[in-house]
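Given the structure is predicted, the values throughout are model-derived calculations rather than measurements.
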2 protein chains.
Amino acid sequence: MSTETIGEKLRQLREQNNLPLRKVAALIDIDVAILSKMERGERKLTKEIVLRLADTYKYNVDELLVLFLSERIMYEIQDEALGEKALKVAERRVKYLKENKGK
Amino acid sequence: MSTETIGEKLRQLREQNNLPLRKVAALIDIDVAILSKMERGERKLTKEIVLRLADTYKYNVDELLVLFLSERIMYEIQDEALGEKALKVAERRVKYLKENKGK
DNA sequence: ATTGCCGTTGACTATTTTTGTCAAATTTAT
DNA sequence: ATAAATTTGACAAAAATAGTCAACGGCAAT
């Protein structure tokens, strides 16, 4: 199962491409320090950065985005006893909205 | 199905208790304007406020918290095509973490 | 029409969180 | 050892959030 964080995944991709932080940071136009922190989960990623990295590594964007979003979701319910219930409710509500989209 | 927002739910509860914003705001120690905005979804609620309101209205805390959390979750994936997938992945990951809690 | 009560709105400030920049320190590889 | 790569922390800038306040509008009763 995909138990890795998106940061770990991104570092893995970078290493597979044999690219140093320095180069990737230059390519996607952010500071090396920030990229380093993002890979290690010390800084939050943004959707924009994820997109640029997917492009840089030529990797499946959707897979990365799902990982990215799921992590943001998990962040919202961290340490919450009712987290799982909230997730289920959110799912039902999203589905409901979709069915009745546009009213 | 619970299709209402937590703001709507809270307003409903307040009205059922025949309490004016003014009084509830005083009870939970926030400004009337803020409470008004929270009930209408113009301002985000905080967990703390939800707890105080549940207490004020003597209403099921967990139900309100789940509603509150699910809304925060939905906020994270709003307009995201991959939202539902991300929710499912988040669920699986949360379960995984739970099973291996404490490592 | 005035008073009183309730809720809404917007402008403003303060506070907190997030983001960006940089250089020094540490680690890793050659 | 030295050079490249990465990590770390301090600091400033910017953005998001939260709080305060007063004016405004609706409505009912008189």
Side-chain angles (χ1 to χ4, degrees), chain A residues 4-54 56-57 64-65 67-80 86, chain B residues 4-57 64-65 67-80:
Chain A
E4 70 192 341
T5 66
I6 184 167
E8 288 164 351
K9 178 74 183 179
L10 290 172
R11 168 147 299 186
Q12 191 182 300
L13 286 172
R14 180 170 61 79
E15 286 170 347
Q16 281 168 8
N17 284 273
N18 270 312
L19 292 167
L21 280 177
R22 178 177 51 78
K23 285 197 181 171
V24 175
L27 282 172
I28 67 174
D29 191 38
I30 62 173
D31 192 282
V32 198
I34 293 180
L35 185 54
S36 166
K37 285 168 185 168
M38 283 175 166
E39 284 187 350
R40 285 170 301 112
E42 199 181 311
R43 280 267 177 128
K44 279 186 212 156
L45 281 151
T46 65
K47 186 181 178 182
E48 186 50 37
I49 299 294
V50 173
L51 292 178
R52 289 191 222 159
L53 289 173
T56 301
Y57 303 139
L64 291 182
L65 278 182
L67 205 50
F68 163 69
L69 288 172
S70 73
E71 224 151 277
R72 290 221 310 208
I73 290 167
M74 288 171 64
Y75 180 81
E76 288 301 311
I77 57 174
Q78 65 184 175
D79 307 323
E80 290 288 347
Chain B
E4 70 192 340
T5 67
I6 185 165
E8 287 165 350
K9 179 73 183 177
L10 290 172
R11 169 146 299 186
Q12 192 182 300
L13 286 173
R14 181 171 60 79
E15 286 170 347
Q16 282 169 8
N17 284 273
N18 271 313
L19 292 168
L21 279 177
R22 179 176 49 80
K23 286 198 181 171
V24 175
L27 281 172
I28 68 175
D29 193 37
I30 62 172
D31 191 283
V32 196
I34 294 181
L35 185 54
S36 166
K37 285 167 185 167
M38 283 174 167
E39 284 186 351
R40 285 171 302 113
E42 199 182 311
R43 281 265 177 129
K44 279 187 212 154
L45 280 151
T46 65
K47 186 181 179 182
E48 186 51 35
I49 299 293
V50 173
L51 292 178
R52 290 191 221 158
L53 288 174
D55 181 59
T56 301
Y57 304 139
L64 292 182
L65 278 181
L67 205 50
F68 164 69
L69 289 172
S70 73
E71 225 151 275
R72 291 220 310 207
I73 290 168
M74 289 172 65
Y75 181 81
E76 288 302 310
I77 58 174
Q78 66 184 172
D79 308 322
E80 290 289 347

Student: Tell me the interatomic distance from B:E48, atom CD, to D:dA18, atom C1', rounded to whole angstroms.
Tutor: 14 Å

Student: Rounded to the nearest Å, what distance is computed from the CD atom of residue A:E8 to the P atom of nucleotide D:dT6?
Tutor: 16 Å

Student: Once side chain to side chain contact (heavy atoms under 4.5 Å, CB included) is applied, do any residues pair with B:E15, and if so which ones, sequence neighbours excluded?
Tutor: B:R11

Student: Show each protein N/O and nucleotides 24-30 of chain C N/O combination with a separation under 3.5 Å, one pair to a line.
Tutor:
none

Student: Tell me, please, which residues at least two apart from A:K37 pass side-chain hydrogen bond (donor to acceptor under 3.5 Å, both in side chains).
Tutor: none

Student: Could you work out, with salt bridge (Lys or Arg N to Asp or Glu O under 4.0 Å) as the rule, every residue matching A:E8, not counting sequence neighbours?
Tutor: none

Student: Could I get the full list of salt bridge (Lys or Arg N to Asp or Glu O under 4.0 Å) partners for B:K47, not counting sequence neighbours?
Tutor: A:E80

Student: Name the atoms and distances for all side-chain donor-acceptor pairs under 3.5 Å in residues 17-31 of chain B, with sequence neighbours left out.
Tutor:
from, atom 1, to, atom 2, distance (Å)
B:N17, ND2, B:L13, O, 2.7
B:D31, OD1, B:A33, N, 2.7

Student: Could you state the atom-to-atom distance from CD of A:E15 to C1' of D:dT6 in whole Å?
Tutor: 11 Å

Student: Return whichever of B:R22 or A:T46 has its heavy-atom-nearest nucleotide of DNA chain C closer to the 5' end.
Tutor: B:R22

Student: Who pairs with B:R14 by salt bridge (Lys or Arg N to Asp or Glu O under 4.0 Å), at least two apart in sequence or on another chain?
Tutor: B:E39

Student: Angle between the end axes of the helix from C:dA1-D:dT30 to C:dT30-D:dA1, five pairs per end, to the nearest 10 degrees?
Tutor: 20°

Student: Listed by chain and number, what are the side chain to side chain contact (heavy atoms under 4.5 Å, CB included) partners of B:Q78, not counting sequence neighbours?
Tutor: B:Y75

Student: Can you give me the N/O atom pairs linking the protein to nucleotides 8-12 of chain C at distances under 3.5 Å, or say none if there are none?
Tutor:
from, atom 1, to, atom 2, distance (Å)
C:dT8, OP1, B:R11, NH1, 2.8
C:dT8, OP2, B:R11, NH2, 2.7
C:dT8, OP2, B:S36, OG, 2.7
C:dT9, OP2, B:R40, NH1, 2.3
C:dG10, N7, B:K37, NZ, 3.3
C:dG10, O6, B:K37, NZ, 3.3

Student: Is A:R72 salt-bridged to A:E76, going by a charged N under 4.0 Å from an acidic O?
Tutor: no

Student: Run the side-chain hydrogen bond (donor to acceptor under 3.5 Å, both in side chains) test against A:T56 and tell me which residues pass, sequence neighbours left out.
Tutor: none

Student: Counting primed atoms plus P, OP1 and OP2 as sugar-phosphate and everything else as base, spell out the protein contacts along nucleotides 25-30 of chain D at 4.0 Å heavy-atom distance: B, S or - for each nucleotide, 5' to 3'.
Tutor: ------

Student: Whole-Å distance between C:dG7 P and B:M38 CE?
Tutor: 16 Å

